[in-house]
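These numbers come from a predicted model, not from an experiment. Counting starts at 1 for both ligands and their atoms, in listed order.
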Amino acid sequence: MGKITIQQETTIDPISLIGREAGVCWGADIADGEKNYKRGMDCLVSGHGRTWEYPQVYIVLEGYSARVIRELYTHIGGGPTRLQASTRYINYQKGFDYVIPPTIKNNEEANQIYCDAMSEIVAAMQKLEAMNIPREDCGMLLPLGMESKVVLRTNLRNLIDMAHQRLCTRAYWEYRQLMRDLMNGLSAYSEEWKYLVENYFVPKCDVSGFCTEKKCCGRRPQK
Ligand SMILES: Cc1cc2nc3c(=O)[nH]c(=O)nc-3n(C[C@H](O)[C@H](O)[C@H](O)COP(=O)(O)OP(=O)(O)OC[C@H]3O[C@@H](n4cnc5c(N)ncnc54)[C@H](O)[C@@H]3O)c2cc1C
């Protein structure tokens, strides 16, 4: 099961921060916390997207598959910084944890086939290592289902955009779960984040009012 840790470097008061930074440019009194919050809210409601890039988010993701991390990497808005657990230096020959999709886990026979295949991969990697094949080359056998660990630095704007895509019913189930974990983590981090999650972390059909996907889930009408 995946786990998200919100690092302490994450902005604690994203709405107020937006208001403070915008206030500098408007010649406003940025010593007044209440006014900063109100100004931050104005920037959000007005859709002044560039200001949403001030709140920074540092998170550790672990227990998610390399496959969902591959999808996470496609979100390049805001120039995120990421480091991922090495498949060259970490010794996976002893075995690795992997994600089992619910459809497989809930089917005894399918679960056996899946777990046997993972064991086969480990056995093959051990045989190759015994032949002095470099670890980075044995690692080519590692599957997309293996668990990986990532440290990500991104911003509010990128995460809102990510939510629009990845809360879509058509998105990959593990990514939707990751988004829910992220939203829970941010909501627990501070009240301002809780407000943002509740009001801005929504699927894209809630923004447009209609479904833009070819195969519609029925949540909103197609245009
Ligand atoms: C149902 C579904 C199916 C999908 N299927 C696939 C699939 O089969 N294969 C696949 O690879 N992906 C797939 N995706 C992922 C999707 O296509 C995008 O790759 C992913 O959402 C990240 O790209 P993005 O533009 O949304 O986000 P970001 O790259 O984070 O961009 C966010 C926003 O920033 C702006 N932006 C970013 N880069 C630039 C730039 N260079 N120039 C100007 N503006 C920029 C744009 O406004 C953009 O909307 C799927 C997503 C969904 C929801």
Side-chain angles (χ1 to χ4, degrees), residues 2 4-7 9-11 14-15 17-18 21-22 40 43-84 87 99 101-104 140 142-187 189 193 196-223:
I4 285 190
T5 306
I6 311 295
Q7 302 280 77
E9 292 80 5
T10 300
T11 305
I15 301 172
L17 172 69
I18 290 173
E21 303 309 320
C43 291
L44 283 160
V45 172
S46 306
H48 294 168
R50 204 51 101 183
T51 64
W52 307 4
E53 295 172 25
Y54 286 118
Q56 297 295 295
V57 180
Y58 288 74
I59 51 180
V60 178
L61 301 105
E62 51 196 316
Y64 299 98
S65 71
R67 183 188 193 184
V68 79
I69 299 303
R70 192 178 77 154
E71 294 200 359
L72 179 87
Y73 272 45
T74 65
H75 292 268
I76 57 171
T81 306
R82 300 153 298 201
L83 285 178
Q84 185 168 10
T87 52
V99 172
T103 52
I104 292 178
M140 290 293 269
L142 289 166
L144 280 175
M146 72 176 286
E147 289 184 5
S148 191
K149 193 169 183 174
V150 172
V151 186
L152 165 72
R153 195 276 301 138
T154 182
N155 64 43
L156 169 64
R157 189 181 195 181
N158 181 252
L159 290 183
I160 289 175
D161 205 83
M162 193 185 288
H164 293 167
Q165 290 289 354
R166 305 301 182 171
L167 290 178
C168 170
T169 314
R170 298 284 307 159
Y172 173 41
W173 67 266
E174 194 188 359
Y175 212 137
R176 282 186 280 131
Q177 182 59 53
L178 187 158
M179 287 308 301
R180 283 191 289 271
D181 295 343
L182 174 64
M183 289 157 69
N184 287 337
L186 286 172
S187 295
Y189 188 67
W193 275 110
L196 290 170
V197 164
E198 285 173 358
N199 291 278
Y200 288 88
F201 286 52
V202 293
K204 55 191 173 185
C205 60
D206 278 6
V207 181
S208 60
F210 54 86
C211 175
T212 53
E213 289 290 328
K214 196 173 170 192
K215 289 183 183 166
C216 181
C217 74
R219 190 169 180 276
R220 294 264 182 185
Q222 274 183 309
K223 205 176 182 186

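For a threshold of 3.5 Å applied to N or O pairs, the pair formed by Ala171 and ligand 1 contains no separation below that value. Residue Ile76 places at least one N or O, backbone or side chain, under 3.5 Å from an N or O of ligand 1.
Put simply, the side chain of Arg166 never gets that close to the backbone of Ala171: no donor and acceptor are under 3.5 Å apart. Although no hydrogens or angles enter the test, the distance criterion places no donor-acceptor pair under 3.5 Å between the side chain of Glu9 and the main chain of Ile6. Glu174 places a side-chain N or O within donor-acceptor distance of the main-chain N or O of Ser65, the cut-off being under 3.5 Å. A donor-acceptor pair under 3.5 Å is absent between the side-chain atoms of Gln165 and the main chain of Lys204, judged by distance alone. Of the possible polar contacts, one joining the Trp193 side chain to the Thr11 backbone as a donor-acceptor pair under 3.5 Å is found. Looking only at distances, no side-chain donor or acceptor of Tyr172 sits under 3.5 Å from a matching main-chain atom of Arg67. Side-chain atoms of Arg157 do not come within 3.5 Å of backbone N or O of Gly78 as any donor-acceptor pair.
Taking every non-hydrogen atom of Asn158 and a distance limit under 4.0 Å, the qualifying atoms of ligand 1 come out as 30 (O). For ligand 1, the atoms closer than 4.0 angstrom to any heavy atom of Glu213 are 1 (C). Counting the atoms of ligand 1 from 1 in the order shown, those under 4.0 Å from a heavy atom of Arg170 are 1 (C). If you number the atoms of ligand 1 from 1 as listed, the ones under 4.0 Å from a heavy atom of Thr74 come out as 19 (O), 20 (C), 22 (C), 23 (O), 29 (O).
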When the side chains of residues 145-153 are checked against the rest of the protein, which donor-acceptor pairs come out under 3.5 Å, sequence neighbours left out?
from	atom 1	to	atom 2	distance (Å)
Ser148	OG	Gln84	NE2	2.8
Arg153	NH2	Gly79	O	3.4
Arg153	NH2	Thr81	OG1	3.1

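Counting heavy atoms of neighbouring residues, nucleotides and ligands inside a 6.0 Å radius, atom CZ of Arg70 does not exceed 12 of them.
Scanning the protein for heavy atoms near atom 53 (C) of ligand 1, the closest one is Gln165 O, 3.3 Å. From the protein, the heavy atom lying nearest to atom 30 (O) of ligand 1 is Gly77 N, 3.0 Å.
Under the 4.0 angstrom criterion, atom 3 (C) of ligand 1 counts as lacking any protein heavy-atom contact. Distance screen at 4.0 Å: atom 21 (O) of ligand 1 has a protein heavy-atom neighbour inside the cut-off. Checking atom 39 (C) of ligand 1 against the protein gives no heavy-atom contact under 4.0 Å.
Only the side chain of Arg166 comes within 4.0 Å of ligand 1, counting heavy atoms alone; its backbone N, CA, C and O stay farther away. Residue contacts with ligand 1 for Asp161 involve side-chain atoms from C-beta outward but no N, CA, C or O (heavy atoms, distance under 4.0 Å).
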